[in-house]
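Down below is the structure, laid out as structure tokens.
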Amino acid sequence: MYSENNKPQARVTINTLSKMKQAGEKFSCLTAYDASFGHVLDQAGIDVILVGDSLGMVIQGHETTVPVSMDDMSYHAACVANGMSRAMLMVDMPFMSYATVDNALVNAARLMQEGGAHMVKLEGGRSQLPIVEALSKNGIPVCAHIGLQPQSVHKLGGYRVQGREKSAADAMLIEAEELQQAGADIILLECVPASLADEITKNVDVPVIGIGAGAGTDSQVLVLQDILGITAGKTPKFSKNFMQGANSILEAIEHYDAAVKDGSFPSAEHIFS
Ligand code: KIV
């Protein structure tokens with residue numbers, strides 16, 4: 001990606017994001033699953049591109065993320081990596097690909113070597129501390145995804161807001177701190193009350209990305225198909241169709257990027273209390 005004076009723009013790294021957090025500046029994150037969209041997101045100024053296992057739903061048409069394999073993640077990550085040059089590339093570790101430390105190390109290395117990931121993301125709190133520690137000690141940047149964890153949907157019995165009861169909220173606050181201590185470079189909060197997300201964001205030094213977690217986090221992430229208004233069925237409360245008022249896909253993504261950075265997204269209608 002080139003700046004106005006035609007110089008290549010520096011790659012976004014974890015240091016860029018940490019400095020932004022310290023300066024009180026928000027950064028943007030959005031999913032992509034192929035090279036064309038990787039390129040458009042990069043052009044629009046998205047800072048972190050997530051190859052999410054949501055591809056199980058939006059690309060493959062499954063009901064959940066559970067059927068997604070390591071081959072799927074590695075393939076789509078490599079496609080996206082080929083299209084982008086500025087953003088940081090975060091890639092999801094799929095269901096059961098990090099059930100043991102050995103599995104996690106082998107599979108995370110694969111996502112970095114074959115898929116071009118700069119950071120891997122895994123779901124889970126306390127139970128994942130040894131995995132986060134092992135990845136971190138081996139030089140693998142990690143995003144720890146807590147709150148609603150879609151890979152556990154069958155265990156949870158559905159998708160619902162997490163951390164509404166005081167005991168669960170207190171546990172999540174501690175969990176975020178423990179994950180940071182274990183070496184997590186980013187915390188991602190999905191579907192938690194805005195007040196809890198604010199507290200966690202203030203409590204940890206690492207950047208916090210939110211989805212359905214209010215406006216107080218350091219960043220927001222959404223699923224690309226949701227913001228383009230092409231998701232089959234109902235879109236979640238926390239999402240917004242940015243095609244409304246945009247003349248092109250690039251413009252819609254630019255509007256999303258700007259709304260995240262100036263704090264106008266999410267607004268009250270997208271937030272859980
Ligand atoms: O898989 C995904 O796209 C995600 C985001 C929705 C956070 O994990």
Side-chain angles (χ1 to χ4, degrees), residues 17 27-34 37-38 41 46-70 72-77 79-80 87-98 107-108 111 115 117 119-125 128 142-153 156 159-162 176 179 184-192 197 200-201 207-214 217-228 230-240 242 253 256 260 265-266 270 272:
L17 304 179
F27 61 91
S28 58
C29 180
L30 186 62
T31 68
Y33 315 95
D34 63 31
F37 274 108
L41 267 62
I46 298 295
D47 300 300
V48 179
I49 300 182
L50 169 65
V51 182
D53 60 357
S54 50
L55 70 83
M57 279 112 118
V58 296
I59 303 293
Q60 299 173 334
H62 296 300
E63 273 182 24
T64 71
T65 59
V66 172
V68 177
S69 68
M70 269 302 299
D72 297 332
M73 292 311 302
S74 181
Y75 170 79
H76 285 279
C79 292
V80 175
M88 189 172 92
L89 182 61
M90 184 191 288
V91 181
D92 261 342
M93 300 201 63
F95 181 63
M96 290 303 284
S97 67
Y98 47 99
N107 288 323
L111 292 180
M119 179 175 289
V120 298
K121 174 163 86 59
L122 50 81
E123 293 180 13
Q128 301 300 352
V142 186
C143 170
H145 178 155
I146 56 176
L148 176 63
Q149 294 157 34
Q151 290 174 10
S152 304
V153 61
L156 293 169
Y159 299 104
R160 55 179 69 93
V161 178
Q162 303 291 306
L179 286 161
D185 301 277
I186 293 184
I187 306 286
L188 187 144
L189 298 175
E190 178 162 354
C191 288
V192 302
I200 292 175
T201 304
V208 176
I209 302 177
I211 175 164
T217 52
D218 303 307
S219 175
Q220 301 290 327
V221 62
L222 286 178
V223 169
L224 176 64
Q225 278 73 359
D226 288 346
I227 78 157
L228 299 182
I230 54 169
T231 303
K234 201 171 163 250
T235 45
K237 170 186 163 78
F238 54 73
S239 197
K240 178 177 170 181
F242 280 87
I253 297 170
Y256 167 72
V260 169
F265 176 81
H270 309 115
F272 299 112

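Along the sequence shown, residues carry numbers from 1. Whatever order the structure lists them in is the order used to number ligands and atoms, beginning at 1.
His145 pairs by the side chain to side chain donor-acceptor pair (under 3.5 Å) definition with Lys121, Glu190, not counting sequence neighbours. With sequence neighbours excluded, the residues that form a side-chain contact (heavy atoms from CB on, under 4.5 Å) with Thr65 are Asp53, Met57, Pro150, Gln151. For the ring pair (Phe, Tyr, Trp, His ring centres under 6.0 Å) test, residues two or more places apart in sequence or in another chain that qualify with Phe242 are Tyr256, Phe265.
Checking each of Thr31, Val91, Asp92 against Val51 for a side chain to side chain contact (heavy atoms under 4.5 Å, CB included) leaves exactly one that passes, namely Val91.
Checked by atom type and distance alone, the side chain of Ser219 never pairs as donor or acceptor with a backbone atom of Ile209 at under 3.5 Å.
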At less than 3.5 Å, what protein N or O atoms come close to the N or O atoms of ligand 1? Include the distances to 0.1 Å.
from	atom 1	to	atom 2	distance (Å)
ligand 1	1 (O)	Asp53	N	3.1
ligand 1	1 (O)	Asp53	OD1	3.0
ligand 1	1 (O)	Ser54	N	2.9
ligand 1	1 (O)	Ser54	OG	3.3
ligand 1	1 (O)	Asp92	OD2	3.1
ligand 1	3 (O)	Ser54	OG	2.5
ligand 1	8 (O)	Lys121	NZ	2.8

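Around atom OH of Tyr159, more than 12 heavy atoms belonging to other residues, nucleotides or ligands sit under 6.0 Å away.
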